[in-house]
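Below is one structure, written out as structure tokens; comments come after it.
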Amino acid sequence: MSYSFDTIITRENTHCYKYDLRETVFGNANVLPMWVADMDFKIADEIIEDITTAVNHGIYGYTFHYDSVFDSFIRWQQKRHSWSIKKEDVLLFHGVVPSLNMIIQLFTNPGDEIIVQNPVYFPFFQSIEQHSRVVVWNELKKQEGTYTMNLESLKKSISNKTKMLFLCHPHNPVGRAWNKNELEELLAICKQHNILVISDEIHADIMFGKKHIPWASLSEYAAQNSITLTAPSKTFNIAGLNISAIITQNTLLNTTIKNYIKQNHLHGINLLGLTAFESAYTKGETWLEELLQYLTHNIEYIQDSLQNTPLTFTPPEATYLAWINFSALQYSDAEIRNRLIEAGIGLNDGVSFGKGGEGYMRLNFACPLSTLKEGIQRIKKSFSL
Ligand SMILES: Cc1ncc(COP(=O)(O)O)c(C=O)c1O
């Protein structure tokens with residue numbers, strides 16, 4: 001490996017959520033933080049070099065959305081995901097969650113229903129509630145440790161107020177990369193009921209062995225009746241640079257979003273974000289391949305070390321998040337959390353992802369193996385395993 005993913009980098013006192021908000025989140029500033037979804041790895045040197053060049057220029061004036069940024073993204077989507085898109089399909093924005101919030105306000109009305117498939121990344125349902133829309137919970141089905149969409153209950157939950165579905169693709173926190181069959185069945189239902197699909201594909205580049213199928217690549221209908229949200233932030237560990245992409249091939253949807261961005265002067269993307277975006281999608285592939293190998297070993301480590309314990313874990317098909325089942329221990333969720341914090345480890349509570357998360361904790365394994373080993377040891381210590 002040419003990149004050193006084993007290196008421990010001190011992140012304390014860098015104003016990062018993961019380390020510097022531990023006291024606020026866990027009531028304990030010393031827990032080993034394995035929660036919020038960013039990585040403890042240094043980013044690709046190529047991206048650092050390009051950001052450094054921009055910084056060294058010394059002038060940081062107003063910056064427009066230049067062509068090479070779009071070109072890098074379009075090439076990446078074609079090469080990695082066999083997805084053909086055009087420059088006019090792509091809008092740049094400040095993040096996937098801000099995009100979700102904007103889209104809710106633009107394309108639904110208060111009281112409209114939006115489907116989520118829980119347990120799911122909490123801003124999905126929080127953003128719906130914050131804008132006085134109604135969350136339709138369609139809990140995922142669990143079968144032999146793996147999750148599938150419950151399409152029967154989904155069909156039953158649809159009313160004439162159901163306007164939108166948020167697809168987490170791949171799914172955080174359960175780590176599923178939805179397959180073609182599942183996606184096509186979901187598409188048939190959404191088509192029948194005229195439901196606009198918002199496909200959050202931010203984790204699409206962190207895949208282990210499977211190929212990501214962009215929702216909008218399923219058919220011309222899917223492309224015309226969906227909005228895809230993605231970003232280089234998870235893939236290349238640049239979340240703090242706040243840049244993402246909104247893709248829709250539907251001209252009306254595209255123009256509505258574009259006009260809203262213009263009218264509200266939301267188009268000013270940070271120069272360093274633009275620089276990193278282009279650099280990542282142009283020069284980051286080798287780093288990503290090495291990262292995926294490293295993460296694969298981390299998954300194997302978790303699997304091996306939880307064997308012969310009551311804790312169960314299905315290796316994720318995508319994402320660097322492990323969804324660990326503690327329910328065999330028969331503790332309440334609060335007790336699980338408290339014991340983990342006492343033993344010095346900070347994970348995300350399963351219950352924060354909505355119903356279906358009871359008894360689970362989410363562990364972020366995008367860290368050096370030595371950190372992961374310490375984390376697993378502390379988990380075991382929490383329950384004397
Ligand atoms: C599914 C999903 N969407 C969006 C985000 C965050 O996106 P952004 O930082 O661009 O708002 C995350 C971060 O964990 C995520 O897991």
Which pair of heavy atoms, one from [X] and one from [Y], lies closest together, and at what distance?
X	Y	result
Asp333	Gly359	OD1-N, 2.7 Å
Cys367	Tyr294	O-CE2, 3.6 Å
Ile243	Ala231	O-CB, 3.6 Å
Leu288	Ile206	CD1-CD1, 4.3 Å

Any donor and acceptor pair, going by atom type alone, linking the side chain of [X] with main-chain N or O of [Y] inside 3.5 Å?
X	Y	value
Thr248	Ser226	yes
Asn28	Asn30	yes
His203	Tyr320	no
Thr230	Glu201	yes
Tyr60	Val55	yes
Asn225	Tyr221	yes

Single-linkage hydrophobic cluster, 4.5 Å side-chain cutoff, Ile74 and Ile202 together: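 Cluster IDs for Ile74 and Ile202 differ.
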
Tyr360 ring center within less than 6.0 Å of Phe326 ring center: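 No, they do not, as the ring centres are separated by 6.0 Å or more.
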
Output field: ring centroids Tyr331/Phe383 closer than 6.0 Å: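 When the ring centroids of Tyr331 and Phe383 are compared, they turn out to be within the sub-6.0 Å range.
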
Positive for side chain to side chain donor-acceptor pair (under 3.5 Å) with Glu317, one of Arg176, His171, His212: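 Exactly one candidate clears the test, Arg176.
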
Trp83, Phe277, Phe236 screened by ring pair (Phe, Tyr, Trp, His ring centres under 6.0 Å) with Trp76, the one that passes: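 Single pass found, and it is Phe236.
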
Test side chain to side chain contact (heavy atoms under 4.5 Å, CB included) applied to Val135 and Ile115, Ile128, Asn118, the passing residue: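 Of all the options given, the one that passes is Ile128.
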
Check: Phe73 and Leu92 side chains under 4.5 Å, non-hydrogen atoms: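 With C-beta onward as the side chain, the pair stays apart.
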
Residue pair Leu369 / His297, side-chain heavy-atom distance below 4.5 Å: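 Counting from C-beta outward, Leu369 and His297 never come under 4.5 Å.
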
Pair [X] + [Y], salt bridge at N-O below 4.0 Å:
X	Y	value
Glu289	Arg80	yes
Arg378	Glu374	yes
Glu285	Lys79	yes
Lys87	Asp71	no
Asp40	Lys18	yes
Asp38	Arg11	yes

So how far is it from [X] [atom1] to [Y] [atom2], rounded to the nearest 0.5 Å?
X	Y	atom1	atom2	result
Glu184	Ile189	CD	CD1	12.5 Å
Leu329	Leu385	CG	CG	6.0 Å
His169	Thr228	NE2	OG1	8.5 Å
Leu321	Asn348	CG	CG	8.0 Å

Exercise: do Lys211 and Ser82 side chains pair donor with acceptor under 3.5 Å: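 Checked: Lys211/Ser82 side chains pair up, N/O donor to acceptor below 3.5 Å.
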
Distance-only donor-acceptor check, side chains Gln78 and Ser84, under 3.5 Å: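 There is such a pair between these side chains.
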
Step-by-step side-chain hydrogen bond (donor to acceptor under 3.5 Å, both in side chains) determination, Asn109 to Arg133: CA-CA 7 Å; Asn109 293 306; Arg133 275 63 169 174; 5.2 Å; no

Residues Thr148, Glu182; criterion side-chain hydrogen bond (donor to acceptor under 3.5 Å, both in side chains); working and verdict: CA-CA 8 Å; Thr148 53; Glu182 294 170 300; 5.5 Å; no

Derivation and outcome, side-chain hydrogen bond (donor to acceptor under 3.5 Å, both in side chains), residues Gln303 and Gln307: CA-CA 6 Å; Gln303 215 176 359; Gln307 247 177 22; over 6 Å; no

Stepwise side-chain hydrogen bond (donor to acceptor under 3.5 Å, both in side chains) test for Thr282 and Ser279: CA-CA 5 Å; Thr282 310; Ser279 183; over 6 Å; no

Geometric class of the Phe5/Phe41 ring pair [parallel <30°, tilted 30-60°, perpendicular >60°]: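 Perpendicular: the ring planes of Phe41 and Phe5 meet at over 60°.
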
